Amino acid sequence: MAKQFQSVQGFNDILYPEVGKFQHIESVSRQYFGLFNFKEVKTPVLEQAGLFVRSIGNGTDIVEKEMYIFEDKGGEILSLRPEGTAPAVRAYLEHNIDRQDAIQKWFYIGPMFRHERPQKGRFRQFHQAGVEVFGIDDPFADIEVILLADKIVSSLAVKGVTVRLNSIGCPACRPVYLRELKSYLNGITDRLCEDCKRRIDTNPMRVLDCKKEGCMAATAGAPKTTDYLCSVCSAHFSTLRSGLDALRQGYTIDTRLVRGLDYYSRTVFEFTAEDAGAQNAVLAGGRYDYLVELLGGAHTPAIGFAMGIERIAALIDMPAVHGPDIFFIPITEEARVRAIGLADRLRRADKTCEIGYGEKTIKSMMRRADRLNAAMVIIIGKDELRDGSITLKRLSDGLQEKVDDATLLEAVRRMSQ
RNA sequence: GUGGGUGUAGCUCAAUGGUAGAGCAUUGGACUGUGGCUCCAAGGGCUGAGGGUUCGAACCCCUUCACCCACCCCA
């Protein structure tokens, strides 16, 4: 093949009809975001790189090797956003939102960028729909956010989803836990894989997340975050659980569940799907009570989640696609003029119209109408031009009649029944 | 960043060193102004790209690019 331009690795075109899944996911998400009274925020895809370094954490892979980072012409170090929470917090602070009303419920939908090796469920440009709740410490905010996530995922009929839940404590109790965990892990290093030995120092909680059987067996008796929660975190977690129980929201406690980003505290949750390949987290979130102040604001508790749109799309059926209401078959230039005029009238009546062009035969245009799954065709041929009529035909059963311009819309509506 | 797999028609795939094929799709015809079903026919390829071995390469070797899957990590 001749040399051609091609899309950048990990950056995909989303074409029809596949794009229908994305539209469906987005519209269902917007519907529930609206019902829960969340307001949309659109933030830029570019931010100062330091925003992510500060919020996501210096030791994380996202910051160390996955950011699209570059120096712009003015010498600023910028980055394509790898996630949506940090920009939302930045916007929250930049516009002094907390001084008007600290309680905010925001949602966003848009592309994110991470320079990783693509694989199933992972792309360098991918899309997330997410929410952020600012200013509410109450565990019922956690409950509502989890309920909202579940509403969206269930409504999209994603198969085989499990809601996993855990609490990873706060700056008061987590250090104690981490100390215990590290000492436990240091006692069983001979049973851990090479990666996990390294993780003991870099990110000890991730050892619990290792999929290797040997490591899972070795860490079966490891200290659990939930056993080390301080009284405040413990009360928060137990109110959260009893609230979910009372509302019959299903979930499973997974004490191995940790989050990769540094800013999470207390509640963490993840929706995982079978059949999603190795990257099976379709939605994940948690509390980040210390991020706002970490970025220079007043102490502001917050919780949110992000849903991977591509990952959801891989797990849902293609929504039904429907063709145009009317396909016009005009066989001469004069007929095409009439067709465009009539199409304009029908479109005003909310009918989707497509017009066949070119010196084609009626047969070829009929075939095209059928292929596009049109509901009806309008034939304007020599006969129709001569007597000023239109031939309207319904494709499902072949019912056909001749009408005039004045009664066309009425006939179309009748045939739509 | 590491490892494995795959690149042949628009799509899904055959052809294991000797003339590049099929199904589906597309276009046209059978049916001169009427779709779907059936039948017939046609168009469509530098076999991802570049180099090498050979009388001869889709096939063997080297390089490179892309895609897929997995690791790392994450939505």
Side-chain angles (χ1 to χ4, degrees), chain A residues 1-4 6-12 25 56 59-66 82-85 109-130 149 153 193-196 198-199 202-203 206 209-212 258-261 269-273 276-286 304-315 323 327 329-332 335 356 358 360-386 391-400:
Chain A
M1 212 183 295
K3 269 230 157 61
Q4 287 181 23
Q6 52 189 275
S7 69
V8 174
Q9 181 175 46
F11 287 64
N12 299 320
I25 293 165
I56 297 169
T60 62
D61 275 26
I62 290 181
V63 165
E64 280 186 351
K65 53 184 203 187
E66 295 173 4
E83 56 100 38
T85 296
I109 298 175
M112 307 295 163
F113 307 86
R114 292 183 199 172
H115 192 106
E116 309 175 84
R117 270 296 265 284
Q119 70 180 77
K120 188 178 179 66
R122 170 189 292 162
F123 313 95
R124 290 184 171 180
Q125 173 175 326
F126 59 103
H127 297 78
Q128 289 187 333
V153 170
C193 68
E194 289 306 310
D195 286 325
C196 282
R198 181 173 47 76
R199 287 181 182 122
T202 58
N203 197 344
R206 286 226 80 84
D209 206 29
C210 186
K211 293 168 196 127
K212 294 196 176 68
V258 298
R259 305 266 66 235
L261 283 51
F269 58 92
E270 197 166 277
F271 287 40
T272 54
Q279 312 304 321
N280 63 353
V282 297
L283 182 153
F305 69 72
M307 178 175 80
I309 294 181
E310 282 81 355
R311 289 187 182 177
I312 297 278
L315 297 167
F327 187 97
I329 301 179
I331 58 123
T332 66
K360 297 278 189 66
T361 60
I362 289 186
K363 179 195 272 294
S364 70
M365 285 196 273
M366 282 294 291
R367 270 208 289 263
R368 180 168 169 77
D370 188 60
R371 186 160 13 105
L372 293 180
N373 202 18
M376 302 168 220
V377 296
I378 286 176
I379 298 169
I380 306 175
K382 289 196 169 64
D383 295 351
E384 288 80 1
L385 286 173
R386 189 165 52 244
T391 295
L392 180 64
K393 176 169 185 169
R394 181 162 66 193
L395 291 185
S396 57
D397 59 358
L399 178 66
Q400 173 171 328

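Per chain, numbering begins at 1; letters A, B, ... match sequence-line order. Predicted, not measured: the structure shown is a model, and the values here were computed from it.
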Applying the Watson-Crick and G-U criteria (both distances under 3.5 angstrom) with [ ] for crossing and | for other-strand pairs, one obtains for RNA chain B (((((((..((((....[..)))).(((((.......))))).....(((((..]....))))))))))))....
The correct set of residues in residues 114-122 of chain A placing a heavy atom under 4.0 Å from RNA chain B is A:Arg114, A:Glu116, A:Arg117, A:Gln119, A:Lys120, A:Gly121, A:Arg122
Residues passing the side-chain hydrogen bond (donor to acceptor under 3.5 Å, both in side chains) test with A:Lys212, sequence neighbours excluded, are none
The complete set of salt bridge (charged side-chain N to carboxylate O under 4.0 Å, His left out) pairs with one or both residues in residues 360-375 of chain A, sequence neighbours excluded, reads A:Glu354-A:Arg368
Residue set satisfying side-chain contact (heavy atoms from CB on, under 4.5 Å) with A:Ala374, at least two apart, ordered chain then number -> A:Pro324, A:Phe327, A:Ala369, A:Leu395
Residues passing the side-chain contact (heavy atoms from CB on, under 4.5 Å) test with A:Ala375, sequence neighbours excluded, are none
Hits for side-chain hydrogen bond (donor to acceptor under 3.5 Å, both in side chains) against A:Asn280, two or more places apart or cross-chain, chain-then-number order -> none
For A:Asn373, the side-chain hydrogen bond (donor to acceptor under 3.5 Å, both in side chains) test, sequence neighbours excluded, returns none
Taken in chain and number order and not counting sequence neighbours, the residues that satisfy side-chain contact (heavy atoms from CB on, under 4.5 Å) with A:Pro111 are A:Val45, A:Arg81, A:Phe113, A:Gln125, A:His127
Reading nucleotides 33-40 of chain B from 5' to 3' and marking B where a protein heavy atom lies under 4.0 Å of the base, S where only the sugar-phosphate is that close, and - otherwise, the string is BBBB----
Residues 373-386 of chain A vs salt bridge (charged side-chain N to carboxylate O under 4.0 Å, His left out), sequence neighbours excluded, gives A:Asp383-A:Arg386
Residue set satisfying side-chain hydrogen bond (donor to acceptor under 3.5 Å, both in side chains) with A:Glu116, at least two apart, ordered chain then number -> A:Arg122
For this session: For A:Glu270, answer base if it contacts any base atom (sugar-phosphate contacts may also be present), sugar-phosphate if it contacts only those atoms, and nothing otherwise; contact means non-hydrogen atoms under 4.0 Å.
Result: nothing
